[in-house]
Structures are given as structure tokens and as C-alpha cells.
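The next block holds one structure in the form of C-alpha cells; read it before the comments.
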Amino acid sequence: MKYITTPIYYVNDKPHIGHAYTSIAADVIARFYRIFERTENVMFLTGTDEHGQKVQKSAEKLNINTQDFCNEISSQFRNLKDTLNLSYNYFIRTTDENHKQTVLKMWQLLEEKGYIYKSFYKGWYSQKDEAFIPDNEVNDGKDQNGNSLEFLKEESYFFKLSAFQDKLLNFYKSHPDFIKPSSYMKEVVSFVKSGLKDLSISRTSFTWGIPVTKDPKHVIYVWLDALCNYISAINYLGSDPSKIEYSEHAKEYWDESIHLLGKDILKFHAVYWPAFLIAADINPPKRLFVHGWWTVDGQKMSKSLGNTVDPIQIVNKYGCDEFRYFLFKESNFGYDCNFSENGFVDKINYDLCNDYGNLVHRVLTLANKVAINGIFKLSRSFDLSKNIDSEISSKTIKLKETLKKYINDGLLTEYLKAVFDIISIANKYVNTTEPWKLIKTDLQKFNDVISELIKVIIDISIFLYPFIPESAKKALSFVGISEINENVLNTIYEGLPLEKPTPIFNKIDNKKVNNG
RNA sequence: GGUCCUGUAGUUCAGUGGUUAGAACACUCCGCUCAUAACGGAGGUGUCGUAGGUUCAAGUCCUGCCAGGACCA
């Protein structure tokens with residue numbers, strides 16, 4: 001069982017490259033696991049976060065019904081499935097009825113265990129910013145810009161987060177791989193060590209949220225609401241709204257859960273979420289894969305600079321697989337990275353067209369020359385395990401275990417490097433064996449070389465499939481393979497029906513970059 | 001103000017104490033011609049931000065500083 005999630009995206013913002021990055025990363029991991037696991041054993045979840053004051057205000061501003069507003073933006077995120085070729089199994093919305101039930105059950109659990117109490121949220125409130133201003137920025141009832149503030153005392157429910165400092169620290173210590181890359185773990189530990197305050201988990205200042213059952217003028221804090229999506233999507237607390245019943249099936253998924261998230265929401269996932277779960281006697285998720293942010297041409301992406309990268313536009317202009325590949329080949333997954341359109345075009349042209357695409361094309365063109373009735377009969381040397389003295393065979397054989405390790409550790413960039421290392425060796429192998437000469441001088445040797453290369457191409461295409469699904473399928477279709485699973489790696493092929501290859505990727509003219 | 005990250009070849013980045021610091025792209029030359037003028041080989045460039053310190057040994061650890069960035073209050 002594997003359970004991969006993206007954060008649920010807040011409907012107050014439209015899809016941008018950050019959303020695309022997280023979603024595609026999750027998709028890559030899900031697709032990889034599906035090669036080796038039964039499809040139904042891999043659950044990939046995404047969705048939208050729809051409650052909160054900002055959403056309510058945005059809808060009011062546009063003078064439309066709040067739910068209608070959510071439906072509209074939520075569908076934009078749902079449509080990313082087609083644009084980015086995402087393979088999620090379930091799209092959750094926090095306005096879904098079964099999600100609301102789960103959140104209320106969670107509240108009930110936290111309350112029963114004695115971790116919720118009612119008190120007052122006090123502080124200086126700025127009407128202008130619609131937010132509480134921290135005490136150290138307040139002077140004589142005015143903020144740093146001299147705007148007058150109002151001292152508010154709002155009734156609120158609190159979660160006893162302060163009781164979880166040691167429990168969290170113990171958890172981190174006993175689960176050193178909880179957060180990847182590990183540098184983010186240091187950040188979290190030092191945050192928790194610095195002390196935790198109880199957390200306000202209800203609001204009375206607006207209504208767009210899930211009302212507390214016994215005290216409906218309070219709506220539940222958006223983050224408590226939102227984080228619960230990870231367990232409501234698998235019905236961890238049961239589907240019957242009237243009672244809590246733990247599902248064994250859900251637990252199997254939960255024990256293998258991987259949350260993907262950007263570094264901006266690390267605290268919520270690494271501190272609050274485990275605290276809520278521990279409080280409710282539920283295990284924290286297995287892994288958090290944290291990633292960095294994209295800059296554009298060295299500058300921070302922002303609406304005011306007008307340099308935001310619209311993933312939909314890029315995909316339409318250059319293609320989906322091209323975009324998916326670039327995101328992980330260019331970045332060092334986990335850390336900040338820079339987007340430049342020129343860099344993008346270079347990666348597509350050099351890696352995808354020249355190295356991988358051309359390898360497939362040149363080898364299959366050669367194979368076609370000797371195919372009889374469209375069938376290429378493989379010689380014994382297609383079985384890579386029998387060619388361990390050959391560099392390319394021995395490395396390809398080892399690749400599977402290496403890649404599994406990389407995926408388990410969230411090393412997506414390393415993964416691509418390892419595969420392209422094989423591609424480079426394969427191209428070298430073609431050059432040194434010179435099959436275009438062998439075809440005239442030594443047909444047996446020619447068949448051996450091409451057979452080995454075809455097998456390598458099949459394997460690396462399977463391994464590239466999670467990143468570039470449509471292109472990998474196209475490459476495999478040239479040799480009559482339409483299934484994507486582990487069997488393809490293990491099957492001993494006698495002969496393969498060949499199609500005349502066509503280019504998998506089209507080279508991008510550099511001029512296109514500036515001319516739109 | 002606190003915490004954290006980054007600063008390495010012209011560019012984008014690897015390199016989490018140990019031989020002459022690496023890759024890709026760009027550049028030059030050579031080979032090959034099966035392939036989308038694609039592929040392969042050879043060539044060299046770095047005050048590893050800066051100033052100290054620890055060590056037999058530091059890009060790698062520690063401290064100060066400079067520059068850029070993120071999160072939080």
C-alpha cells in the first residue's frame with residue numbers, strides 16, 4: 001500500500017507553477033509505485049481547501065454565492081488533471097459532506113481526550129489589515145504605520161499544543177526520516193524547542209467554515225479543517241456520520257502515507273498536524289517530502305513583478321511531458337530553484353530530443369532494417385542479466401533498486417540523473433559497436449547489439465514513464481508494448497513487433513522563446 | 001528581532017573531512033554517418049562570498065562579517 005498526497009490548494013489563489021510542481025512530484029511518485037504495486041494499492045489524493053475568511057470576502061467582493069465561488073476555482077484546480085496529466089484517484093474538497101463529518105469527529109476526539117478548552121483570543125486588531133497585530137509592533141494602540149488599532153477579545157476554542165512539545169520532540173527523534181530533505185527537520189526541531197503556545201482553533205468573526213457542533217457560532221480553524229482531509233479522504237474515522245469507527249483498510253494506507261508540500265507550509269504539517277494526530281491517538285504520517293520555491297530568471301516570482309509562470313501556458317506552448325521533465329531535471333528537488341525559459345528549452349532539446357529520443361530512434365531504425373514481416377527476432381543477449389560483463393547491462397540491471405531507493409527518499413532529481421546516465425552509456429555503446437557496419441559484416445553480432453539496446457530502451461522507458469508518461473508510452477508502442485508494469489521489465493521477449501519510429505519529441509527552435 | 005537556507009567554472013547546479021574540486025550547456029579540435037545536423041572522443045577555465053579558527057587533512061566542521069532569500073513573531 002502507498003498513499004501519496006498533495007496539500008489541498010486554497011481557492012483564494014489560481015493555479016501557478018508551485019501547485020504544478022507539488023502535484024507533478026506527487027504524480028511521479030504515485031506512477032512509480034503503480035509500476036510495482038497493484039493499481040488499487042496506490043492512492044493519490046489532491047483537492048481544494050475552501051473555507052475561511054478570505055474566501056468568504058472574495059466571494060462577497062464579487063457579489064456571488066460563496067459556494068459558487070468555490071466551485072469555480074476548485075474546478076480550475078481539478079482541470080489541472082488534464083493539463084498536467086495527473087493520475088490522482090480522488091479529488092477532495094473541504095466543502096464535501098464526508099470531510100465535514102471527519103473534521104467534527106476529529107474535534108470530538110480532541111475534546112474527549114481533554115485537549116480542547118474555551119477561552120478568549122486577545123490582541124490588537126487592525127481593521128485595515130483585517131488581522132491581529134503582534135504586541136511588539138503595537139505602540140500606544142497604534143501599529144508601526146501609525147494606524148489606530150482596536151483591542152479585541154474574541155471567544156475562542158484552544159488546542160493544548162503546549163502539552164505536545166516533548167511528545168513531538170520524541171517523535172522526531174524516533175523518526176529521523178520523517179521529514180525529507182533532512183535540513184527541514186532541523187528547522188522544525190528548533191521551532192518546537194523554542195516553545196509551543198496553545199493554538200486558537202475556532203473563530204467567531206466569520207461564518208464560512210465548519211460550525212462546532214455544540215457551539216455553532218464558532219467555525220473550526222481552517223488549518224485544523226484542512227489537514228483532516230488526509231484522513232477523511234480514506235475514511236479513517238469511518239463513513240457513518242453518527243459514530244467513529246476505525247477502518248483497518250484505511251490504516252493500511254495511512255501507515256504508508258507520504259505528504260508532499262512546499263516549505264511555506266512546513267510548520268502546519270510537521271508540528272500542528274502530528275500534534276493533532278497524536279492527541280487523537282492516531283499515528284502521524286510516515287513521510288513529509290518538502291520542496292523549495294521557484295524563482296524566475298533569478299527573481300522572486302510575484303504578481304507585482306508580473307513574472308509569474310503560468311504552468312498552463314507553458315504546457316500549451318511546449319508540451320506536458322516536456323514541462324514535467326524540466327521541473328525535476330532543472331531543480332534539485334527539495335530546494336529552491338530557478339526557472340528560465342532558455343534553460344527549459346535547452347533541457348528539452350539536449351536531454352529529451354538528442355539523448356533519449358534520438359537513442360530510441362536510431363536503434364529502432366537499425367532494428368527495422370532486419371525485421372522480418374515487421375517482427376524483430378531478439379537474440380539471446382537481450383537478457384541483460386546474462387551480459388553482466390557489459391557496462392550497460394550491469395548498470396541497467398541495478399537501476400531498479402537504485403531508483404526505488406531514490407523515490408523512497410524523495411530524490412527525484414537523482415532519479416533522473418541515474419536514468420540519463422544509462423542513456424548516455426547506451427549512446428556511447430552504439431558508437432563503439434557501430435551496428436551500421438555490423439549489419440554488413442556480422443549479422444549475429446548486429447542482432448546481439450541491437451537486442452541488448454532494445455532491452456535497455458524498454459527498461460529505461462518504463463523508468464521514465466512516471467515523469468514523461470505519454471512519451472514513454474510512445475517509445476514502448478514502437479516495440480508493441482502497451483502495458484506499464486513490472487512484468488515488462490521481467491518478461492523474456494522472443495520477438496517484438498516493430499513500428500517505424502517517429503520522433504518522440506520535437507526540437508524547440510530557440511527563436512520561439514522570445515516570440516511567444 | 002528569532003530561526004533557517006543559499007553564496008563553487010561564462011551559465012544552471014552537484015559535491016554532508018581525505019588522492020591533481022565535478023556534471024550539463026556554451027567554446028575549440030577530432031572521429032562517426034544508423035539517427036530529429038542527432039551521437040562519441042579530446043581540450044581548460046575556478047582567490048570553492050570574505051576574515052579568522054579547529055584538524056595530520058576543510059568547499060565540506062566552528063566563529064565573525066558581507067550579499068541574497070525564506071519562515072515566524
Side-chain angles (χ1 to χ4, degrees), chain A residues 18 123-124 131-138 144 179 181-197 261-272 290-295 297-302 326 328-370 411 413-414 416-418 420-421 423-440 446 449-450 453 457 500-510:
Chain A
W124 291 95
F132 283 93
I133 306 295
D135 287 350
N136 60 351
E137 286 180 18
V138 178
Q144 289 172 325
I179 303 172
S182 53
S183 57
Y184 291 109
M185 179 66 108
K186 284 199 293 188
E187 203 172 314
V188 169
V189 168
S190 75
F191 173 77
V192 173
K193 274 187 179 162
S194 74
L196 297 173
K197 285 184 194 160
L261 51 132
K263 64 181 187 178
D264 52 321
I265 51 175
L266 176 59
K267 188 180 70 179
F268 301 100
H269 286 79
V271 182
Y272 298 171
V290 184
H291 65 73
W293 284 70
W294 284 88
T295 56
D297 296 324
Q299 283 188 307
K300 191 184 170 182
M301 211 183 301
S302 80
F326 169 80
F328 301 98
K329 189 59 192 275
E330 180 74 358
S331 72
N332 182 18
F333 187 67
Y335 304 93
D336 287 359
C337 41
N338 183 49
F339 183 94
S340 91
E341 208 158 330
N342 284 310
F344 177 92
V345 169
D346 284 351
K347 284 282 184 297
I348 301 317
N349 284 346
Y350 299 118
D351 294 358
L352 292 180
C353 299
N354 295 354
D355 292 345
Y356 173 60
N358 186 54
L359 173 68
V360 173
H361 201 263
R362 70 197 298 210
V363 169
L364 295 185
T365 303
L366 286 163
N368 260 291
K369 290 179 196 285
V370 299
L411 297 170
T413 307
E414 293 298 321
L416 282 176
K417 275 188 189 155
F420 272 80
D421 188 37
I423 290 170
S424 165
I425 294 168
N427 271 318
K428 220 170 287 187
Y429 185 67
V430 177
N431 279 39
T432 49
T433 53
E434 300 185 308
W436 55 90
K437 285 183 183 166
L438 291 174
I439 197 170
K440 295 173 195 153
F446 173 85
V449 168
I450 296 298
L453 283 165
I457 286 172
K500 198 162 182 261
T502 53
I504 304 173
F505 303 96
N506 296 312
K507 291 199 82 162
I508 300 164
D509 187 346
N510 271 303

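Everything numeric here is computed off the predicted structure, so don't read it as measured data. So that the names make sense, note that chain A is the first sequence line, chain B the second, and so on, each numbered from 1.
- A close approach under 4.0 Å does not occur between any side-chain nitrogen or oxygen of A/Y184 and OP1 or OP2 of B/rC71.
- Remark: A/F326 CZ to A/L352 CG distance equals 11.5 Å, nearest 0.5 Å.
- Following rounding to the nearest Å, A/N349 (CG) and B/rA37 (C1') show an atom-to-atom distance of 13 Å.
- Spacing between B/rG10 and B/rC5 at atom P, rounded to whole Å, works out to 27 Å.
- Between B/rG22 and B/rG2, the distance separating the two P atoms is 40 Å to the nearest Å.
- When the P atom of B/rC13 is taken as reference, atom CG of A/N342 falls 14 Å away, rounded to whole Å.
- Closest non-hydrogen pair, A/V430 versus A/P435, comes out as O-CD, 3.3 Å.
- A gap of 24 Å separates the P atoms of B/rA14 and B/rU20, to the nearest Å.
- Look at the P atom in both B/rG59 and B/rG52: the space between them is 15 Å, to the nearest Å.
- No side-chain donor-acceptor contact under 3.5 Å links A/D421 to the backbone of A/K417.
- Not one side-chain nitrogen or oxygen of A/K428 sits closer than 4.0 Å to the OP1 or OP2 atom of B/rC39.
- Each of A/E434 and A/K507 was matched to the nucleotide of RNA chain B holding its nearest heavy atom; the match closer to the 5' end belongs to A/E434.
- Looking only at distances, no side-chain donor or acceptor of A/T413 sits under 3.5 Å from a matching main-chain atom of A/K329.
- Residue A/I348 contributes atom CD1, which lies 18 Å from atom P of B/rA24 at whole-angstrom precision.
- The interatomic distance linking A/Y350 (OH) with B/rC27 (C1') rounds to 12 Å, in whole Å.
- Within the shown strands, B/rC71 is the pairing partner of B/rG2 under the Watson-Crick or G-U definition, both distances less than 3.5 Å.
- Taking atom P on both nucleotides, B/rU16 is separated from B/rA35 by 43 Å, rounded to a whole Å.
- No cation-pi contact links A/K369 to A/F446, judged by a cut-off of 6.0 Å to the six-membered ring centre and 45° from its axis.
- Counting only distance, with no hydrogens or angles, the side chain of A/Y184 and the backbone of A/G334 share a donor-acceptor pair below 3.5 Å.
- In this entry B/rC32 has no Watson-Crick or G-U wobble partner, no candidate having both defining distances under 3.5 Å.
- A/I439 comes within contact range of no nucleotide atom at all, as no heavy-atom separation falls under 4.0 Å.
- If you take CH2 on A/W436 and CZ on A/R362, they are separated by 6.0 Å, rounding to the nearest 0.5 Å.
- Ring geometry for A/F339 against A/F344 counts as tilted: the plane angle lies between 30° and 60°, on a 0 to 90° scale.
- Residue side chain A/N358 reaches the base of B/rA35 through a donor-acceptor N/O pair under 3.5 Å, judged by distance alone.
- Using Watson-Crick or G-U wobble geometry with both donor-acceptor distances under 3.5 Å, B/rG22 finds its partner in B/rC13.
- For the P atom pair drawn from B/rA21 and B/rU36, the interatomic distance equals 42 Å after rounding to whole Å.
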Practice task
Starting at the 5' end of nucleotides 2-12 of chain B, put B wherever the base has a protein heavy atom under 4.0 Å, S where only the sugar-phosphate does, and a dash everywhere else.
Solution key: -SSS------S
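- Looking at heavy-atom distances under 4.0 Å, A/F505 makes contact with a base.
- The CD1 atom of A/I439 sits 13.5 Å away from atom CD of A/E434, with the distance rounded to the nearest 0.5 Å.
- With A/S340 contributing its side chain and A/G343 its backbone, the two residues share a donor-acceptor pair below 3.5 Å.
- Across the P atoms, B/rC4 and B/rA24 are found 36 Å apart, a figure rounded to whole Å.
- Summarising the geometry, the separation between CG on A/L364 and P on B/rU36 is reported as 12 Å, rounded to the nearest angstrom.
- If you check B/rG69, B/rC34, B/rU36 against the side chain of A/C353, the one that comes closest is B/rU36.
- In this structure B/rG64 sits in a base pair with B/rU50, meeting the Watson-Crick or G-U test at under 3.5 Å.
- With the nearest nucleotide of RNA chain B identified for both A/N506 and A/S182, A/S182 has the one nearer the 5' end.
- For the C1' atoms, the distance linking B/rU63 with B/rG44 amounts to 36 Å, nearest Å.
- Residue contacts for A/P503: at a heavy-atom cut-off of 4.0 Å it reaches a base atom on one of the strands shown.
- Taking atom NZ of residue A/K437 and atom C1' of nucleotide B/rU33, one finds them 9 Å apart after rounding to whole Å.
- Taking CG of A/D264 as the reference point, atom NE2 of A/H291 lies at 8.0 Å (rounded to 0.5 Å).
- If you check B/rC39, B/rA26, B/rC32 against the side chain of A/R362, the one that comes closest is B/rC39.
- At whole-Å resolution of the value, CZ in A/F333 and P in B/rA14 are 14 Å apart.
- What separates CD of A/E414 from P of B/rU16 is a distance of 10 Å, to the nearest Å.
- Within the 4.0 angstrom heavy-atom criterion, only backbone atoms of the sugar-phosphate kind lie near A/D355; the bases stay farther away.
- In this entry B/rA38 has no Watson-Crick or G-U wobble partner, no candidate having both defining distances under 3.5 Å.
- In this structure, B/rU45 forms no base pair with any nucleotide, since neither Watson-Crick nor G-U wobble geometry is met with both distances under 3.5 Å.
- A/N354 has a side-chain polar atom (N or O) that falls below the 4.0 Å cut-off from OP1 or OP2 of B/rC39.
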Practice task
Let me see the working for A/K263 and A/D336 under side-chain contact (heavy atoms from CB on, under 4.5 Å), right down to the final yes or no.
Solution key: CA-CA 10 Å; A/K263 64 181 187 178; A/D336 287 359; 3.1 Å; yes
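- The A/K263 side chain lies nearest to B/rA70 when the options are B/rC34, B/rA70, B/rU36.
- For residues 264-272 of chain A, proximity to RNA chain B is found at A/K267, defined as any non-hydrogen atom under 4.0 angstrom from a strand atom.
- Judged by distance alone, with hydrogens and angles left aside, the side-chain atoms of A/S424 form no donor-acceptor pair with the main-chain N or O of A/F420 at under 3.5 Å.
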